[in-house]
Amino acid sequence: MSDKLLQIEQRPPQGDWKDPKVEFRKGVFCYSALPKNLNYLGLPNARHWQPFDADWKLPPDWKRTILDGMKDRLNKYRSFRLFMDTCVRCGACADKCHFYIGSSDPKNMPVLRAELIRSVYRRYFTLTGRIFGALAGGRELTEDVIKEWFYYFYQCTECRRCSVFCPYGIDTAEITMIGRELLTLIGCNINWVLEPVANCFRTGNHLGIQPHGFKDSIDFAADELSEITGLPIEVPINHKGAEILFVMPSADYFGEPHYYTLLGYLMLFHEIGLDYTVSAFSSDGGNFGLFTSHEMMKRLNAKVYDEARRLGVKWILGGECGHMWRVMHQYMDTMNGPADFLEPPVSPVTGTVFENARSTKMVHICEFTADLIHHGKLKLDPSRNDKYKVTFHDSCNPARAMGLLEEPRYVLRNVCNNFHDMPENTIREQTFCCGSGSGLGTDENLEMRLRGGFPRANAVKYVKEKHGVNLLACICAIDKATLPALMDYWVGGVEVAGVHELLGNALVMTGEKERTTDLRGEPLVSEETIHA
Ligand code: SF4
Ligand code: SF4
């Protein structure tokens, strides 16, 4: 099958790009949201439908709803109006999108993806467009245009790679966000996004785990760690008066390989004697509202500050997640803050003041751990990770939305003896997306995920062939869920792990029993390492 996906035709298509007709072919689109989820969230036009249906059962006034929605957002978000007016079509972004590289579909070029909505903006919201229509680059808003928006705005992972290369700083991810938001106004969304959002409303996390289920999972992890280390490890839950609230993505206590990252955090907190708590109500920092609408993002995020206030903590520490940090770092403070009931974060171990978190009051676990290592507060044995040759995938959101570039690498270089970065134009700010972010990590669109993930996989293949890399480290829950399939398909023989899983392997804890296995229960030293 990989040969088939490698047939990427870089030829211009026949016909006019303005023709909005798209083919919803198996493997390249996501299924529609179920009515129960729209109903639960109070969203309009709940009904059974699928993208491949001829009749999408749009509400009778759908066109008015979309145009009114655009008008509202043009008035509300200056960036949206700026992005509609500014593009000079220089093409600098054109070949920067992983979906374009992997599919060669021109409408996956960021410039053209934005043009799908910009052409409607011109037709209805500019004087020349209203008078001259198509001659001024305008397009009529039709049902086919709605279908085309759905197709292409759910083939954008909102990764923002294109924006790095745009001389005007146009952020196509924000255009996609608005596009999805408009589609939601007429009941067009995907289930892989809305089901987690509905779960989050009900239970505080995307997986729909009840507070007692959360407690069971955390207690299980603590028991397992006590067995691995021989130390009495306990995890405070809903502990009022703790100094720090720790928030993580729900996948960390339910998914694999995420779970081993959780073990790594808990070992670290035990070893440094951190006065912290987790919350059974703010049990997910992840926020699929980001992929739905600004309003939804705000509603799902509110629980974080609410729980920090209820529990009376001083500041918040956050685990390894991608989009969670986009929301925490870029939106939380203005959406649900100011969090002036919290204090500027200070490490209780090193005394470091995290100035960068002065407004959000929330620190990334990699910043926290890097600071501990920098001050010599951890005893580490990197040889415990010697069976791995490690590279690092910069997850789009921590890299491009928060500039968290060096801290994870600093931690990795201290907990592993073999670390090799991928080529420069595929990492840090220029990192390539996993191809499955922004709620697209589902099975029905696997072909498009593998196409979109191709540039990332290609760079991993390069370091595998050059340096023998066999482990891809990352700090994003979606990456941990989706990169294993991408590696299996394009590369082979490369595992995926969180940075704090590797830290947990290397951490020498005070009074621990002799460790012969890693956090996965596998021998610390592989056969290959013994015979090397
Ligand atoms: S790089 Fe920016 S200005 Fe140039 S085509 Fe792309 S979005 Fe438009
Ligand atoms: S945000 Fe990412 S996925 Fe979307 S158009 Fe830009 S590069 Fe492509």
Side-chain angles (χ1 to χ4, degrees), residues 8 17 28-30 79-119 121-122 137 148-181 183 190 192-193 290-291 322-323 326 330 393-402 425-442 445 447-459 476 478-479 482 486:
I8 303 167
W17 76 265
V28 299
F29 70 92
C30 300
S79 55
F80 181 42
R81 185 174 286 278
L82 196 72
F83 297 160
M84 289 296 98
D85 283 330
T86 308
C87 175
V88 293
R89 302 189 203 176
C90 67
C93 62
D95 60 350
K96 305 304 187 293
C97 176
H98 48 289
F99 283 116
Y100 173 63
I101 296 172
S103 71
S104 82
D105 181 340
K107 288 185 184 175
N108 270 326
M109 292 180 185
V111 53
L112 206 39
R113 194 189 311 282
E115 200 65 20
L116 304 180
I117 203 165
R118 197 179 279 125
S119 53
Y121 163 76
R122 275 198 213 100
E148 181 196 47
W149 283 8
F150 183 91
Y151 188 81
Y152 288 105
F153 292 138
Y154 286 101
Q155 276 182 22
C156 166
T157 41
E158 302 180 5
C159 78
R160 306 175 77 222
R161 186 170 196 266
C162 48
S163 70
V164 172
F165 298 89
C166 174
Y168 294 93
I170 292 173
D171 187 345
T172 307
E174 290 208 6
I175 296 173
T176 292
M177 286 164 71
I178 297 286
R180 290 188 183 190
E181 198 164 313
L183 289 167
I190 66 171
W192 193 250
V193 168
L290 174 67
F291 314 137
H323 71 283
R326 172 104 175 261
Q330 291 199 321
H393 164 64
D394 291 271
S395 306
C396 300
N397 287 307
R400 280 190 280 269
M402 8 173 5
N425 61 344
T426 72
I427 58 171
R428 297 192 168 86
E429 289 98 336
Q430 298 186 41
T431 186
F432 273 114
C433 180
C434 63
S436 304
S438 78
L440 306 188
T442 177
N445 65 334
E447 177 184 329
M448 196 41 80
R449 285 173 51 196
L450 295 173
R451 287 188 182 282
F454 172 64
R456 166 44 72 228
N458 204 27
C476 167
I478 289 177
D479 286 336
T482 63
L486 192 74

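Both ligands and their constituent atoms are indexed starting at 1 by order of listing. The shown structure was predicted, so the numbers you read here are calculated from the model rather than taken from an experiment. Index from 1, following the sequence.
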A student checking ligand 2 against R160 at a 4.0 Å heavy-atom cut-off should list atoms 1 (S), 2 (Fe)

The closest protein heavy-atom partner of atom 6 (Fe) of ligand 2 is C162 SG, 2.3 Å

Numbered in order shown, the ligand 2 atoms found under 4.0 Å of a heavy atom of P110 are 5 (S)

Ligand 2 atoms nearer than 4.0 angstrom to some heavy atom of R113 are 5 (S), 8 (Fe)

Closest to atom 2 (Fe) of ligand 2 among protein heavy atoms sits C159 SG, 2.4 Å

Heavy-atom closest pair (C434 atom, L486 atom, distance to 0.1 Å) is O-CD2, 3.9 Å

- Query: With distance as the sole test, does R449 use its side chain to make a donor-acceptor pair with the main-chain N or O of T442 at under 3.5 Å?
  - Reply: yes

protein heavy-atom neighbour closest to atom 4 (Fe) of ligand 2 works out as C156 SG, 2.3 Å

Heavy-atom nearest pair, G179 first then I117, reads CA-CD1, 4.0 Å

Would you say K107 and Y151 make side-chain contact, with heavy atoms under 4.5 Å? no

Looking only at heavy atoms, the pair that brings L440 and W192 closest together is N-CD1, 4.2 Å

For R113 and T172 the tightest heavy-atom approach is CD-CG2, 4.2 Å

Beyond-backbone contact of M177 with E158, side-chain heavy atoms, under 4.5 angstrom: yes

Looking at side-chain heavy atoms only, is the closest gap between H393 and R456 below 4.5 Å? yes

Atom 8 (Fe) of ligand 2 sits nearest the protein heavy atom C97 SG, 2.4 Å

- Between R160 and D171, is there a side-chain N and carboxylate O pair less than 4.0 Å apart? yes

Fill in: atom 2 (Fe) of ligand 2 to nearest N/O/S of C396 below 2.8 Å
no

Counting only protein N, O or S atoms and ignoring waters, those under 2.8 Å from atom 4 (Fe) of ligand 1 are C90 SG

Numbered in order shown, the ligand 2 atoms found under 4.0 Å of a heavy atom of H98 are 2 (Fe), 3 (S)

Discussion item. Any heavy atom of T157 closer to ligand 2 than 4.0 angstrom?
Written reply: yes

When rounded to the nearest 0.5 Å, the distance separating CE of M84 from CD of E115 is 8.5 Å

Minimal heavy-atom distance between A173 and R326, with the atoms involved, is CB-NH2, 4.4 Å

